[in-house]
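Structure record follows, encoded as structure tokens.
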Amino acid sequence: MRWSQAFIPTLRDDPAGAEAISHKLLVRGGFIRQLMSGSYSLLPAGYRVRSKIRRIIEEEINAIGGQEFLMPVLHPGEIWQRSGRWEIDELFRLQDRRGVDHVLGLTHEEVFALIATELRSYKQLPQLWYHFQTKLRDEARPKSGLLRVREFVMKDSYSLDIDAAGQAKQFDAHHAAYTKIFDRMGLDTVAVEASSGAMGGTDSMEFMVASPAGEDFVAYSAECGYSANVERARSRIPDVANGDPLDAVEKFPTPGVRTIEALAGFDGGASAENQIKTLVYIADGEPVLALMRGDHPLQEQKLIDHLLASEIRPAHDDEIVELLGAHAGSLGAVGVETVKVIADPQLKGRVAMTTGANEDDFHYRGVDIDRDIAVSEWVDLREVSAGEGCPNCDGTLDVYKAIEVGHIFKLGTKYSEAFGANVLDENGKAQPIIMGSYGIGLGRAVAAVAEVYNDDKGLVWPVAVAPWEVVVTLVKTDEATLAAGERIYSELQAAGIDVLLDDRNERPGVKFNDAELVGFPFRVTLGPRGLADGVAEFVARADGDSFEIALDSVVGHVKGLVEAAR
RNA sequence: CGGGACGUGGCGCAGCUUGGUAGCGCGCAUCGUUCGGGACGAUGAGGUCGCCGGUUCAAAUCCGGCCGUCCCGACCA
């Protein structure tokens with residue numbers, strides 16, 4: 001391709017309102033343009049990057065036995081009702097001219113499970129099916145350019161097995177393949193324990209790339225390598241000494257006290273670690289009380305995961321009053337028997353605690369959890385913080401921001417049961433197929449690479465995903481330079497290198513700056529000065545070091561570097 | 001969904017408080033001089049000032065409604 005005819009609309013200014021580096025640079029470099037909120041057009045350079053990422057994924061999934069499909073994006077609403085996912089807020093629903101419900105797929109478990117009903121025998125398993133297809137999600141808040149969008153292409157694969165051992169094998173194969181895929185893209189990922197959310201299933205792991213533009217928080221221990229999304233992370237914290245127990249709870253007035261801090265500062269109150277925080281949630285329409293130590297934050301996802309709820313929310317004030325008889329700020333679980341009470345294990349064995357009395361402006365002191373509160377379930381609900389102890393070693397946890405670039409799930413039989421995807425086992429008995437699902441969003445992967453590989457001049461693509469591997473920059477477009485450029489350009493092409501010839505009639509500074517903004521890994525510069533001596537200039541974008549190289553050696557040198565880095 | 005901000009040539013912005021001629025930088029076109037790190041001069045093209053309504057002799061500017069976009073939070077398979 002010659003730059004004079006290529007559509008690479010570079011911009012001097014950052015797009016208005018953009019914050020994320022990848023967003024700014026992908027727009028400025030002429031890779032993407034926004035169509036509407038959460039929807040981007042890929043321009044030729046952007047599409048080239050995405051295609052290279054797609055190719056890497058395809059190779060690695062084929063290598064573990066994947067068979068490529070292509071499923072529709074428009075689905076009958078009925079299958080989403082059958083799987084129980086019809087109510088998901090992010091689901092785009094629409095009706096055809098007859099008024100029949102349809103949905104735009106936000107993943108493809110339903111459709112693949114439906115095809116899997118054609119499997120008859122355990123002898124046909126295992127299967128590994130995948131496709132690259134557009135997903136549509138009505139996101140509450142699209143943001144950061146390509147990082148969080150409403151329409152994107154995802155590689156999603158689905159494993160089908162007769163038993164848990166088979167599934168574990170395919171799960172591990174994906175784990176290894178994903179590690180390779182991200183490594184080839186130049187991304188340094190950590191696989192972390194994750195919540196499976198409304199996807200269902202038992203186990204899931206997310207592949208995380210550390211980045212300030214990320215939306216997830218990962219807790220990790222440098223000493224043992226423990227890594228978990230804070231939605232799931234556990235930690236070790238010191239025990240708190242109990243105060244002196246009382247024979248019975250004692251109600252006392254606390255006028256105007258509505259918060260943990262206020263009660264801690266109240267004469268006759270209690271420090272935060274000696275308080276029980278009572279949170280009221282509505283989970284799929286049912287109220288539930290979550291009890292935490294006063295100074296501990298609740299991690300909502302842990303509550304969702306435990307309840308297997310598809311939707312939870314804090315209760316509204318009127319619901320709280322109706323349920324407990326008091327407003328938030330005076331709530332407690334003492335004597336509560338009609339509502340499910342879930343307590344964080346940090347409260348286990350605690351006595352002499354203070355909590356709300358379910359009467360405005362009154363609290364109880366001397367609460368003994370085991371004696372006074374009917375805890376239905378003890379569940380870890382606490383969100384960890386940096387500096388706490390690692391649950392697996394003597395080390396300390398750090399917490400960092402990360403981009404989720406891949407997610408792998410063990411789904412179990414949720415979808416196969418919903419669709420009757422069974423096979424006969426060796427005893428002739430029908431068994432539901434055990435499924436796994438595995439996803440990588442292509443656009444987010446492009447953005448993640450851009451987040452990691454950039455500097456103050458622009459993008460710095462790794463060779464394996466660069467839109468073009470080399471740019472041949474002509475400092476002048478006089479006849480001799482143009483001829484030399486054309487010659488090197490066609491030789492590079494013949495050598496199988498992705499090369500762009502910058503034959504634009506622009507000043508050198510403009511060309512150099514554009515080349516750096518777009519982020520070509522290598523640049524070969526030709527000008528009358530060097531040509532007189534039979535040399536070109538060679539520079540690698542990553543380190544910026546340049547040197548002169550004989551014209552005859554250019555192609556060999558570039559070829560060697562590119563092939564080593566692909 | 002809660003909070004905040006913004007919407008004016010292709011891009012980035014000023015103008016709005018105090019109503020009256022639509023402006024700047026970049027980009028674009030033509031010509032000339034230049035040209036190994038975002039050149040200079042001259043000429044020129046390009047704008048329903050997000051939309052609808054109201055106030056007014058007169059609205060980019062004041063008022064109301066709506067739409068759109070971004071940021072923070074909530075949420076997020």
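Sequence lines set the chain letters: A, B, ... in the order given, protein chains first and strands last, and positions in each chain run from 1.
- Rounding to whole angstrom units, CG of residue D533(A) and C1' of G36(B) are separated by 14 Å.
- Taking 4.0 angstrom as the limit, S37(A) places a side-chain polar atom (N or O) nearer than this to OP1 or OP2 of C70(B).
- Base pairing of G47(B) is not made with any nucleotide, judged by Watson-Crick or G-U wobble geometry with both donor-acceptor distances under 3.5 Å.
- Taking the P atoms as reference points, G64(B) lies 15 Å from U18(B), given to the whole Å.
- Contact check, R33(A) against G10(B): no side-chain N or O comes under 4.0 Å of OP1 or OP2.
- For G9(B), there is no paired nucleotide, since no Watson-Crick or G-U wobble pair has both relevant distances below 3.5 Å.
- Place R150(A) and E215(A) on RNA chain B by their nearest nucleotides, and R150(A) ends up nearer the 5' end.
- Distance CD (E516(A)) to P (G38(B)): 12 Å, rounded to an integer number of Å.
- Across all strands, A140(A) comes closer than 4.0 Å to base atoms (heavy-atom distances).
- The P atoms of G23(B) and G46(B) are separated by 14 Å, rounded to the nearest whole Å.
- Taking the side chain of D514(A) as heavy atoms from C-beta on, and the options G38(B), A39(B), G12(B), the nearest nucleotide is G38(B).
- Taking atom NZ of K401(A) as the reference point, atom C1' of C72(B) lies 10 Å away to the nearest angstrom.
- Comparing G19(B) with A59(B), their C1' atoms are spaced 6 Å from each other, to the whole Å.
- No engagement by T10(A) is indicated, since no non-hydrogen atom pair under 4.0 Å with the nucleic acid exists.
- By the neighbour-count criterion of 12 heavy atoms within 6.0 Å, atom CD of E215(A) is densely surrounded, having more than that number from other residues, nucleotides or ligands.
- Heavy-atom contacts from other residues, nucleotides or ligands closer than 6.0 Å to NZ of K169(A) number 12 or fewer.
- Of the possible polar contacts, one joining the D503(A) side chain to the S4(A) backbone as a donor-acceptor pair under 3.5 Å is found.
- In the interface, the side chain of E537(A) is paired with the base of G36(B) through a donor and an acceptor atom under 3.5 Å apart.
- With distances taken from any side-chain atom of V510(A) to the nucleotides C11(B), A39(B), C72(B), the minimum falls on A39(B).
- The side chain of Q301(A) places no N or O atom within less than 4.0 Å of a non-bridging phosphate oxygen (OP1 or OP2) of C75(B).
- Pairing for G19(B) is absent, judged as Watson-Crick or G-U wobble with the two contacts each under 3.5 Å.
- Using cut-offs of 30° and 60° for the angle between ring planes, the F182(A) and F207(A) rings count as tilted.
- Judged by distance alone, the side chains of K143(A) and H23(A) never bring a donor and an acceptor atom under 3.5 Å apart.
- Among the protein residues, R141(A) comes within range of the nucleic acid bases, having at least one heavy atom under 4.0 Å from a base atom.
- Listed nucleotides: G37(B), U69(B), C71(B). Nearest to the side chain of F512(A): G37(B).
- If you take atom C1' in U55(B) and the same atom in U61(B), they sit 13 Å apart, rounded to whole Å.
- As judged by a 4.0 angstrom heavy-atom cut-off over every strand, R504(A) is placed among residues making no nucleic acid contact.
- In the set G37(B), C71(B), C11(B), the nucleotide with an atom closest to the side chain of E19(A) is C71(B).
- OP1 or OP2 of A39(B) sits under 4.0 Å from a side-chain N or O of R507(A).
- Comparing the same atom, C1', in G2(B) and in G10(B) gives a spacing of 36 Å after rounding to whole Å.
- Nucleotide A14(B): unpaired (no Watson-Crick or G-U wobble partner with both distances less than 3.5 Å).
- If you take CZ of F547(A) and C1' of G36(B), they are 18 Å apart, rounded to a whole angstrom.
- Side chain of R529(A), nearest nucleotide from G37(B), C72(B), G36(B): G36(B).
- For E404(A) and C75(B), the CD to P distance is 16 Å, given to the nearest whole Å.
- One can place CD of Q34(A) at 16 Å from P of G10(B), the figure rounded to the nearest angstrom.
- Mapping K511(A) and R137(A) onto RNA chain B by nearest heavy atom places K511(A) closer to the 5' end of the strand.
- C49(B) and A22(B) have their P atoms separated by 12 Å, with the value rounded to a whole Å.
- Taking a cutoff of 4.0 Å between a charged side-chain nitrogen and a carboxylate oxygen, D455(A) and K457(A) do not qualify as a salt bridge.
- Between U21(B) and A60(B), the distance separating the two C1' atoms is 13 Å to the nearest Å.
- Taking the six-membered ring for Trp, H131(A) and F112(A) have ring centres closer than 6.0 Å.
- Of the C1' atoms belonging to G25(B) and G15(B), the separation is 15 Å, rounded to the nearest Å.
- Atom CG of D89(A) and atom P of C1(B) are 10 Å apart (whole Å).
- Among the protein residues, G530(A) comes within range of the nucleic acid bases, having at least one heavy atom under 4.0 Å from a base atom.
- Using N1 to N3 plus N6-O4 or O6-N4 for Watson-Crick, or N1-O2 and O6-N3 for G-U wobble, each under 3.5 Å, A60(B) pairs with nothing.
- Of the charged side-chain nitrogens involved, none lies within less than 4.0 Å of a carboxylate oxygen, so that R232(A) and E206(A) do not count as a salt-bridged pair.
- When the C1' atom of G2(B) is taken as reference, atom NE2 of H316(A) falls 12 Å away, rounded to whole Å.
- The base-pairing partner of G37(B), taking Watson-Crick or G-U wobble contacts with both distances under 3.5 Å, does not exist among the strands shown.
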